Amino acid sequence: MTYEGVLKKMPTELGEPIQYYLVLENGFINLNQILNKEIQIQHTGFECLSCHQAKKIFRQGFCYDCFYKSAEVGDWIMKPELSTAHLGIEDRDLAYEKAVQLQPHIVYLASSSEIKVGVTRKTQVPTRWIDQGASAAIPIVEVPNRYLAGITEVALKNYFTDKTSWQKMLKNEVTAFDLLAERQKIYEVLTSEIKPYFESTVAIPTVLNYPVLAFPKKVSSLNLEKTPLFTGKLMGVKGQYLIFEDGTVFNIRSNEGYKIRLSI
């Protein structure tokens, strides 16, 4: 069976294990159902996720022009502390920025390769944790806007990383941490502005199990521009990565906007 379309972030459903879906133009695939099967991925072109033109992708699924003008990829996306919608100050599109920034956000601890601190909208829990391949996660604080989440994360970067080692995560080289105990240590370093949110936040750890038959000992990332035709046996999915039997891994998220033909 052959599917064609533009790559976008895989939708997921929390389960035992997590369910993954690849949505393309002529249908969708439940990837859990094709584990241990050989699939072929062929790169056939590009389509910007914003303007939908057949233009080479620059970053995050956007062509060069759209990346520098779309409100969806403003600097505050990666750096929440730069959010200004709570002040009524526009970056690129104030209406969009208010809609996204002025809603409850979670600052959390996650165990993916080591303990990391991160920020996500409350509506994106547990999706954000799944997308980064976390083995477990726990909320630290729930705050009413993205700015407050951002300044909290910045303060906690002195104690925790904000990055995931994707190689360790995919090889399942993950140390088990007591996230509840780690969270308790954080209270003393929070500002007086944030401490009331810590006390009112329900903090229950979430454990995440991924559909992986075998973890690779070494990983090699598939680059569709260098290897436009790839065939391999799918052994698992973790984060936004497909994991193949030969150790090749393919990051769907970093290839958004790439058009492919996928054959099973």
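Any value given below was found using the heavy atoms of this structure, including those in side chains, with hydrogens, waters and symmetry copies removed. Computed from a prediction, not measured in an experiment: that's the story for all the values here.
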Under 4.0 Å between a side-chain nitrogen and a carboxylate oxygen: does that hold for K56 and E225?
yes
Would you kindly say whether S165 and S113 are connected by a side-chain donor-acceptor distance under 3.5 Å?
no
Looking only at side-chain N and O atoms, does Q101 offer a donor or acceptor that is under 3.5 Å from a partner on N145?
no
A side-chain contact here means heavy atoms from C-beta on lying under 4.5 Å apart; do L7 and L22 qualify?
yes
Would you check if the side chain of N32 reaches a backbone N or O of I18 as a donor-acceptor pair within less than 3.5 Å?
yes
Option among N255, T12, N251, D131 that satisfies the side-chain hydrogen bond (donor to acceptor under 3.5 Å, both in side chains) test with Q240:
D131
Judged by atom type as modelled, is there a donor-acceptor pair below 3.5 Å linking the side chain of T152 to the main-chain atoms of L148?
yes
Roughly how far, to the nearest 0.5 Å, is CD1 of I138 from CD of E182?
10.5 Å
Hey, is the main chain of A181 close enough, under 3.5 Å, to the side chain of Q184 for a donor-acceptor pair?
no
Heavy-atom closest contact (S112 atom, T164 atom, distance)
OG-OG1, 3.0 Å
To the nearest 0.5 Å, what is the distance between OG1 on T44 and CG on L224?
9.5 Å
I'd like to know whether NZ of K168 has more than 12 heavy-atom contacts from other residues, nucleotides or ligands below 6.0 angstrom.
no
Within the side chain of S70, is there an N or O that forms a donor-acceptor pair under 3.5 Å with the backbone of E72?
yes
Considering non-hydrogen atoms only, spot the tightest contact between C63 and F58 and give its length.
C-CB, 3.7 Å
Check: F62 ring centre within less than 6.0 Å of F67 ring centre
no
Are H105 and R121 linked by a side-chain donor-acceptor pair shorter than 3.5 Å?
no
More than 12 non-hydrogen atoms from neighbouring residues, nucleotides or ligands closer than 6.0 Å to OH on Y68, yes or no?
yes
Would you check, one step at a time, whether the test side chain to side chain contact (heavy atoms under 4.5 Å, CB included) holds for K98 with L94?
CA-CA 6 Å; K98 281 186 174 181; L94 187 56; 4.0 Å; yes
To check you understand the geometry: which heavy-atom pair defines the closest contact between V6 and G257, and what is its length?
CG1-CA, 3.7 Å
State the CG-CG distance between L24 and L262, to the nearest 0.5 angstrom.
7.0 Å
Supply the atom-to-atom distance L109 CG to L156 CG, rounded to the nearest 0.5 angstrom.
7.5 Å
Which value, rounded to the nearest 0.5 Å, describes the distance between K233 atom NZ and L35 atom CG?
11.5 Å
Transitive ILVMFWY side-chain link I140 to L179, under 4.5 Å:
yes
Residues, nucleotides or ligands: over 12 heavy atoms within 6.0 Å of K122 NZ
no
Ignoring hydrogens and angles, tell me if any N or O in the side chain of K238 forms a donor-acceptor pair with the backbone of M169 under 3.5 Å.
yes
Would you say CD1 of I204 has more than 12 non-hydrogen atoms from neighbouring residues, nucleotides or ligands within 6.0 angstrom?
no
Can E199 and Y187 be counted as having a side-chain donor-acceptor contact under 3.5 angstrom?
yes
Under 6.0 Å from the ring centre and within 45 degrees of the ring axis: does the NZ or CZ of R183 meet both conditions for the six-membered ring of F198?
yes
Is it the case that N30 and Q19 place a side-chain donor and acceptor less than 3.5 Å from each other?
yes
Can a salt bridge be assigned to the pair K116 and D162 using a cut-off of 4.0 Å between side-chain N and carboxylate O?
no
Closest non-hydrogen contact found for V100 with Q103 is O-CG, 3.1 Å
Enclosure of K9 NZ (heavy-atom neighbours >12, cutoff 6.0 Å)
yes
Is the closest side-chain donor-acceptor distance between R261 and Q42 under 3.5 Å?
yes
Search all heavy atoms of S111 against all heavy atoms of F177 and return the closest pair with its distance.
OG-CD1, 3.6 Å
R128 side chain vs G118 backbone, donor-acceptor pair below 3.5 Å:
no
NZ of K37: more than 12 outside heavy atoms within 6.0 angstrom?
no
Measure the acute angle between the ring planes of Y258 and F46, then classify it against the limits of 30° and 60° as parallel, tilted or perpendicular.
perpendicular
Should Y3 and I260 be marked as a side chain to side chain contact (heavy atoms under 4.5 Å, CB included) after you check the CA-CA gap, both sets of side-chain angles, and the distance that decides it?
CA-CA 8 Å; Y3 299 83; I260 66 161; over 6 Å; no
Please confirm whether the backbone N or O of D93 pairs with a side-chain atom of E97, one donor and one acceptor, at under 3.5 Å?
yes
Determine yes or no for a side-chain-to-main-chain donor-acceptor pair under 3.5 angstrom, with T227 supplying the side chain and L229 the backbone.
no
Ignoring hydrogens and geometry beyond distance, is a side-chain donor-acceptor pair present between Y20 and E13 at under 3.5 Å?
no
Do you reckon Y197 sits in the same ILVMFWY cluster as V154, going by side-chain contacts under 4.5 Å, direct or chained?
no
Hydrophobic clustering (ILVMFWY, side-chain heavy atoms < 4.5 Å, transitive) - are M235 and I264 grouped together?
yes
Do the side chain of E256 and the main chain of I252 share a donor and acceptor less than 3.5 angstrom apart?
no
Does this structure show an ion pair linking K259 with E4, if we count only N-O contacts that are shorter than 4.0 Å?
no
Under a single-linkage definition using a 4.5 Å side-chain heavy-atom cutoff for Ile, Leu, Val, Met, Phe, Trp and Tyr, are W76 and L102 assigned to the same hydrophobic cluster?
no
Check the side chains of T2 and S263 for a donor-acceptor pair under 3.5 angstrom, ignoring hydrogens and angles.
yes
Are I29 and I39 connected, step by step, through hydrophobic side chains (Ile, Leu, Val, Met, Phe, Trp, Tyr) whose heavy atoms are closer than 4.5 Å?
yes
Any chance you could measure N223, atom CG, to F250, atom CZ, to the nearest 0.5 Å?
9.0 Å
Quick one: does any side-chain atom of T231 pair with a main-chain N or O of Q40 as donor and acceptor, under 3.5 Å?
no
Residue pair W129, T206: steps toward the side chain to side chain contact (heavy atoms under 4.5 Å, CB included) verdict:
CA-CA 9 Å; W129 302 338; T206 297; 3.6 Å; yes
Neighbour count >12 (heavy atoms, 6.0 Å) for atom CZ, F28:
no
Taking the side chain as C-beta and beyond, is there a heavy-atom pair between L31 and L242 under 4.5 Å?
yes
Could you please spell out the steps behind the side chain to side chain contact (heavy atoms under 4.5 Å, CB included) verdict for F244 and F230?
CA-CA 11 Å; F244 293 93; F230 172 80; 3.7 Å; yes
All heavy atoms of A155 vs all of N158, minimum pair found to be O-ND2, 3.3 Å
